[in-house]
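Structure first, then comments.
In the text below, chain A, chain B and the rest are named by the order of the sequence lines, each starting its count at 1. Computed over heavy atoms, backbone and side chain alike; hydrogens, waters and symmetry mates excluded.
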Number of protein chains: 2
Amino acid sequence: MTATPPPTDAPTDAENLLRLEHQVCFALQNASRAFGAIYRDALKDLGLTYPQYLAMLALWEHGELSVKRLGELLRLDSGTLSPLLKRLESAGLVKRERSPQDERSVLVSVTATGAALREQATQVPLEVARRTGFDIAEMRELRGLLGRLTDRLDAAGTAQEC
Amino acid sequence: MTATPPPTDAPTDAENLLRLEHQVCFALQNASRAFGAIYRDALKDLGLTYPQYLAMLALWEHGELSVKRLGELLRLDSGTLSPLLKRLESAGLVKRERSPQDERSVLVSVTATGAALREQATQVPLEVARRTGFDIAEMRELRGLLGRLTDRLDAAGTAQEC
DNA sequence: CACAACTCAGTTGCGCGCAACTTAATAGTA
DNA sequence: TACTATTAAGTTGCGCGCAACTGAGTTGTG
């Protein structure tokens with residue numbers, strides 16, 4: 001019934017750490033991908049990908065944003081954002097224009113079409129909540145945990161080799 | 001001190017659900033990406049990406065695996081796995097051969113070079129643990145939570161429109 | 001046996017995510 | 001004022017992750 005064991009004698013500590021189901025990052029990625037599948041389904045009526053949806057959320061919430069600021073909010077750099085915004089622009093949802101104050105900066109804002117999409121978008125979190133059965137408290141708790149985890153990982157990543 | 005509010009009058013419930021920092025999936029993805037950055041750093045000596053590392057973990061642990069079985073373990077389909085395995089093969093770490101029993105199936109196994117890499121790989125989880133400061137109990141708890149979450153999301157995704 | 005249904009791996013196409021680089025504009029400084 | 005350093009956005013290249021499809025091999029049913 002058990003599969004052929006790896007060609008070693010006994011499971012040492014080091015080997016236990018290499019077991020696939022022991023990888024926290026793997027579990028995190030799996031949860032993220034499973035969530036992504038739910039959103040992909042809920043978003044297909046809007047014609048948005050999940051990253052595009054996040055960008056629209058940021059713009060709906062904050063109004064006009066520079067690419068840099070948007071990147072800070074979404075944790076993305078221009079290498080990802082530039083083509084993403086180009087696609088949103090060609091879909092008619094956002095407008096891009098260089099800042100008069102600082103010609104290096106590009107200001108992104110929603111068009112009338114993009115603003116109109118917001119109403120439809122309010123259905124998305126409701127649909128996701130309905131399908132997953134999460135309640136508000138549960139989601140907030142999970143968000144808090146993940147936020148603290150991310151902060152810790154960011155600190156570990158930023159830190160020099162120590 | 002507060003940022004300019006969005007061009008609406010009051011924050012309704014629906015609008016609160018659209019706030020960027022209220023998106024659980026976003027928090028999950030951020031944590032996953034932050035973790036990925038740590039691994040990317042820890043893995044660069046091995047010359048492996050994180051998905052490639054996961055594939056090697058599965059092969060080290062289980063020995064020879066079909067592409068299908070490997071995909072089940074890693075939650076990936078052949079569209080992702082085929083090119084990934086091709087890269088691992090051209091790096092000399094794995095070998096691919098069609099199964100004699102079932103010519104549709106391709107069996108993947110580690111080469112001597114791939115097996116030798118395992119020793120070096122034992123350093124990776126230790127390095128990650130060192131940098132993040134996680135202890136075993138903490139990681140196990142988090143893994144359990146994420147596993148239950150993934151199961152729930154998978155069920156929500158598999159379910160018909162209900 | 002014949003033939004349809006299914007399974008498995010692979011390919012193509014597209015959108016991220018990220019590193020490395022380029023170009024243009026601004027800020028800082030001698 | 002020149003001149004360097006810095007900053008912002010964009011581009012290129014590559015590796016996933018996933019949907020859609022192809023083609024070869026296998027299974028099941030008449």
Between atom [atom1] in [X] and atom [atom2] in [N], what is the gap in whole Å?
X: B:Leu70; N: D:dG17; atom1: CG; atom2: P; result: 12 Å
X: B:Leu54; N: D:dG17; atom1: CG; atom2: C1'; result: 13 Å
X: B:Arg98; N: C:dA9; atom1: CZ; atom2: P; result: 8 Å
X: A:Gln52; N: C:dG17; atom1: CD; atom2: P; result: 10 Å
X: A:Leu43; N: C:dG15; atom1: CG; atom2: C1'; result: 14 Å
X: B:Leu107; N: C:dA9; atom1: CG; atom2: P; result: 8 Å
X: A:Leu85; N: C:dC16; atom1: CG; atom2: C1'; result: 13 Å
X: A:Leu88; N: C:dG15; atom1: CG; atom2: P; result: 11 Å

Does [N] have OP1 or OP2 under 4.0 Å away from a side-chain N or O of [X]?
X: B:Gln29; N: C:dC16; result: no
X: A:Lys86; N: D:dT11; result: yes
X: B:Arg96; N: C:dA9; result: no

Hey, which sits more toward the 5' end of DNA chain C by its nearest nucleotide, B:Ser105 or A:Arg87? B:Ser105

When rounded to the nearest 0.5 Å, the distance separating OG1 of B:Thr150 from CZ of A:Phe35 is 10.0 Å

In terms of side-chain heavy atoms of [X], which of [options] is nearest?
X: B:Ser82; options: C:dC18, D:dA8, C:dA9; result: C:dA9
X: A:Ser66; options: C:dA19, D:dC18, D:dA9; result: D:dA9
X: B:Pro51; options: D:dA9, C:dA9, D:dC16; result: D:dC16
X: B:Thr80; options: C:dG17, C:dT11, D:dC18; result: D:dC18
X: A:Arg33; options: D:dC18, D:dG15, C:dA9; result: D:dC18
X: B:Asp77; options: C:dA9, C:dG15, D:dC18; result: D:dC18

At under 4.0 Å between heavy atoms, what does B:Leu76 touch on the DNA or RNA strands: base, sugar-phosphate, or nothing?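 Sugar-phosphate: the residue B:Leu76, judged by heavy atoms under 4.0 Å, touches backbone atoms but no base.
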
With a 4.0 Å cut-off on heavy atoms, is B:Leu84 in touch with a base, just the backbone sugar-phosphate, or nothing at all? sugar-phosphate

Side-chain donor/acceptor of [X] to backbone N/O of [Y], under 3.5 Å:
X: B:Ser99; Y: B:Leu107; result: no
X: B:Gln23; Y: B:Arg19; result: yes
X: B:Ser105; Y: B:Asp102; result: no
X: B:Ser66; Y: B:Arg69; result: yes

For B:Glu89 and B:Lys86: C-alpha separation, side-chain torsions, deciding distance, then whether salt bridge (charged side-chain N to carboxylate O under 4.0 Å, His left out) applies. CA-CA 5 Å; B:Glu89 188 176 41; B:Lys86 221 159 150 184; over 6 Å; no

Nearest heavy-atom neighbours spanning B:Leu18 and A:Ala121: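 Closest approach of B:Leu18 to A:Ala121, heavy atoms only: CD2-O, 3.6 Å.
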
Got a list of protein N/O to nucleotides 26-28 of chain D N/O distances below 3.5 Å?
unit_1, atom_1, unit_2, atom_2, d
D:dT26, OP1, B:Glu103, N, 3.1

So for B:Ser78 and C:dG10, does any side-chain atom that can act as donor or acceptor lie under 3.5 Å from a complementary atom in the base? yes

Restricting to pairs with a member in residues 137-151 of chain A, which pass salt bridge (Lys or Arg N to Asp or Glu O under 4.0 Å), not counting sequence neighbours?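 Every salt bridge (Lys or Arg N to Asp or Glu O under 4.0 Å) pair that includes a residue of residues 137-151 of chain A, provided the two are not neighbours, is A:Glu138-B:Arg152.
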
